[in-house]
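Okay, structure first, notes after.
Just the heavy atoms: all of them, side chains too, but no hydrogens, waters or symmetry mates, feed the values below.
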Amino acid sequence: MNFNLALVTVVITILGIGLDGCHSKVVQFIFGDSLSDVGNNMHLSRSLAQASLPWYGIDMGNGLPNGRFTNGRTVADIIGDRTGLPRPPAFLDPSVNEEVILENGVNYASGGGGILNETGAYFIQKFSLDKQIELFQGTQELIRGKIGKRASDKFFNEGRYVVALGSNDFINNYLMPVYRDSWTYNDDTFMDYLIGTLERQLKLLHSLGARQLVVFGLGPMGCIPLQRVLSTTGNCREKANKLALTFNKAVSELVDDFGKHFPDSTYRFGDAYDVVYDVISNPNKYGFQNSDSPCCSFWNIRPALTCVPASSLCKDRSKYVFWDEYHPTDNANELIANELIKKFGLLNSDQGGAPAPAPAVAPSPEDQ
């Protein structure tokens, strides 16, 4: 081999390594509901499930609404930050393009969305899990067109996947008489329908290249402020909590089964039910003072459902478990995220485990 040929060979080898490596960054693809939405519903003009008004986002960034259904960060935000993964932008964010996807991944989560397509229908516009997966397929086509099939397959195989839905399938479907599912099914048959649908969806994600996937379980949804205020006693609604526990058990078994059938993949089930229930039952133990009502509410009118500019805020948001009638505060999300990180053993020697940047708490409107 002469010198010039050898030089060309070396250059091609170096360029080849560079081309393979430039798209090897590990990113996240998040499928979820309002607990994970980072702005998709803000771009659905007819959606009735939006976090587009103050005081959502008051303790994050510039303090303006950013599409998150809380005052600060989501659980997915915090877990990603702690484990060194970039925060994926909302799929509908106008700035999203191929370069952004390759650098940060994508978040398809949509407030009001569920595992079932019929869930949350009265919100008018939302992305169900089927729709989110369809959007992911479109993302794959886009990336294949940008970097080619081989590099694209590697990129998606190495990605991290989060599926975090299910509570709306109960709260905004099965447990509401306005939905047909509430009188078509009983507890057992509805659970079979729901888990069977999720199984099909997870198999589809595997066929699309998802090899590192976490499925989040449900918290004690019968204890969210909305459910408590709708009860006659103000206590947690045990029927909803029992459904959450049954769902968690079934999904845990499903995830274990996937692990056996797909040895090329890693499937994990994220269950924070016990710690969240303990926080709600013993808030002082965790530094909270209130675990049964929302920090942001429309004065004494309950349920207020969403936080709006005319709402009043609690004096110290760090002491409240719930931000509105449905969703936890930033502090509560941090506690949940830390519990899941501990259960998964996500922080290892290769990951610095730097704390997620907690938002600087902005003053409440009445204090300004």
Side-chain angles (χ1 to χ4, degrees), residues 8-32 36-40 43 74 76-77 79-81 83-110 113 115 127-165 198-216 255 258-259 261-268 344 346 350-351:
V8 170
T9 302
V10 170
V11 171
I12 289 174
T13 301
I14 293 172
L15 288 176
I17 292 172
L19 288 173
D20 280 343
C22 69
H23 300 303
S24 63
K25 184 172 183 179
V26 175
V27 300
Q28 296 185 86
F29 298 96
I30 296 176
F31 304 85
S36 306
D37 191 346
V38 296
N40 280 311
H43 299 287
T74 68
D77 283 333
I79 292 177
D81 291 347
T83 56
L85 293 170
R87 290 183 183 178
F91 173 81
L92 292 179
D93 188 315
S95 69
V96 171
N97 55 28
E98 295 96 324
E99 287 76 17
V100 171
I101 295 168
L102 289 167
E103 188 69 19
N104 301 286
V106 187
N107 185 320
Y108 305 94
S110 173
I115 294 167
F127 294 153
S128 65
L129 182 52
D130 275 339
K131 181 62 178 180
Q132 293 179 37
I133 295 173
E134 179 185 323
L135 297 174
F136 173 64
Q137 290 174 292
T139 299
Q140 290 191 311
E141 293 177 10
L142 191 68
I143 297 303
R144 274 195 293 269
K146 177 73 173 178
I147 64 175
K149 185 179 187 306
R150 181 179 176 182
S152 176
D153 288 348
K154 181 176 184 290
F155 173 70
F156 287 108
N157 285 163
E158 292 179 349
R160 302 294 186 263
Y161 295 80
V162 174
V163 175
L165 302 94
L198 180 60
E199 179 179 12
R200 169 182 61 79
Q201 294 161 333
L202 294 181
K203 285 180 178 178
L204 177 55
L205 281 173
H206 181 271
S207 74
L208 295 172
R211 297 293 181 266
Q212 303 282 332
L213 188 145
V214 174
V215 182
F216 284 175
V255 169
F258 266 65
H261 283 84
F262 299 113
D264 63 336
S265 305
T266 300
Y267 289 89
R268 292 174 172 175
F344 290 150
L346 290 177
D350 297 324
Q351 295 167 323

Side-chain donor or acceptor of Gln140 paired with backbone N/O of Leu208 under 3.5 Å = yes
message = Could you check whether Glu158 pairs with Lys25 (Lys NZ or Arg NE/NH1/NH2 to Asp/Glu carboxylate O, under 4.0 Å)?
response = no
query = How far apart are the closest heavy atoms of Val38 and Pro89, and which atoms are they?
reply = CG2-C, 4.2 Å
request  = Check for a donor-acceptor pair, side chain of Arg211 on one end and backbone N or O of His206 on the other, with a separation under 3.5 Å.
outcome  = yes
Flag side-chain contact, heavy atom, 4.5 Å: Val215 against Arg268 = no
query = So, does Asn40 use its side chain to make a donor-acceptor pair with the main chain of Phe91 at under 3.5 Å?
reply = yes
task = Check whether any side-chain heavy atom of Val214 lies under 4.5 Å from a side-chain heavy atom of Val163, and answer yes or no.
result = no
request  = Under the ring pair (Phe, Tyr, Trp, His ring centres under 6.0 Å) rule, collect the residues that match up with Tyr161, sequence neighbours excluded.
outcome  = Phe29, Phe136
inquiry  = Side chains of Phe258 and Glu199, heavy atoms from C-beta outward: is any pair under 4.5 Å?
reply    = yes
ask   = Is a side-chain N or O of Ser110 found less than 3.5 angstrom from the main chain of Gly113, in a donor-acceptor match?
value = no
ask   = Backbone N or O of Gly209 within a donor-acceptor pair of the Asn157 side chain at under 3.5 Å?
value = yes
key: Exercise: identify the closest heavy-atom pair between Gly105 and Pro88   = C-CB, 3.7 Å
query = Is a side-chain N or O of Gln28 found less than 3.5 angstrom from the main chain of Asn104, in a donor-acceptor match?
reply = no
inquiry  = Please check this pair: side chain of Gln201 against backbone of Ile115, looking for a donor-acceptor N/O pair closer than 3.5 Å.
reply    = yes
task = Check Phe31 against Leu165 and note the closest heavy-atom contact, atom names and distance.
result = O-CD1, 3.6 Å
inquiry  = Keeping Asn107 on the side-chain end and Ser36 on the backbone end, is there a donor-acceptor pair under 3.5 Å?
reply    = yes
task = Assess the side chains of Tyr108 and Thr139: does a donor N or O sit below 3.5 Å from an acceptor N or O?
result = yes
Donor on one side chain, acceptor on other, Ser95 and Asp93, under 3.5 Å = yes
inquiry  = Testing the basics here: between Gly39 and Ala90, what is the closest heavy-atom pair and its distance to 0.1 Å?
reply    = C-CB, 3.8 Å
query = How close do Phe216 and Ala164 get, heavy atom to heavy atom, and via which atoms?
reply = CD1-CB, 3.7 Å
inquiry  = Whether the side chain of Ser207 engages the backbone of Leu204 through a donor-acceptor N/O pair (distance < 3.5 Å, no angle test) should be reported.
reply    = yes
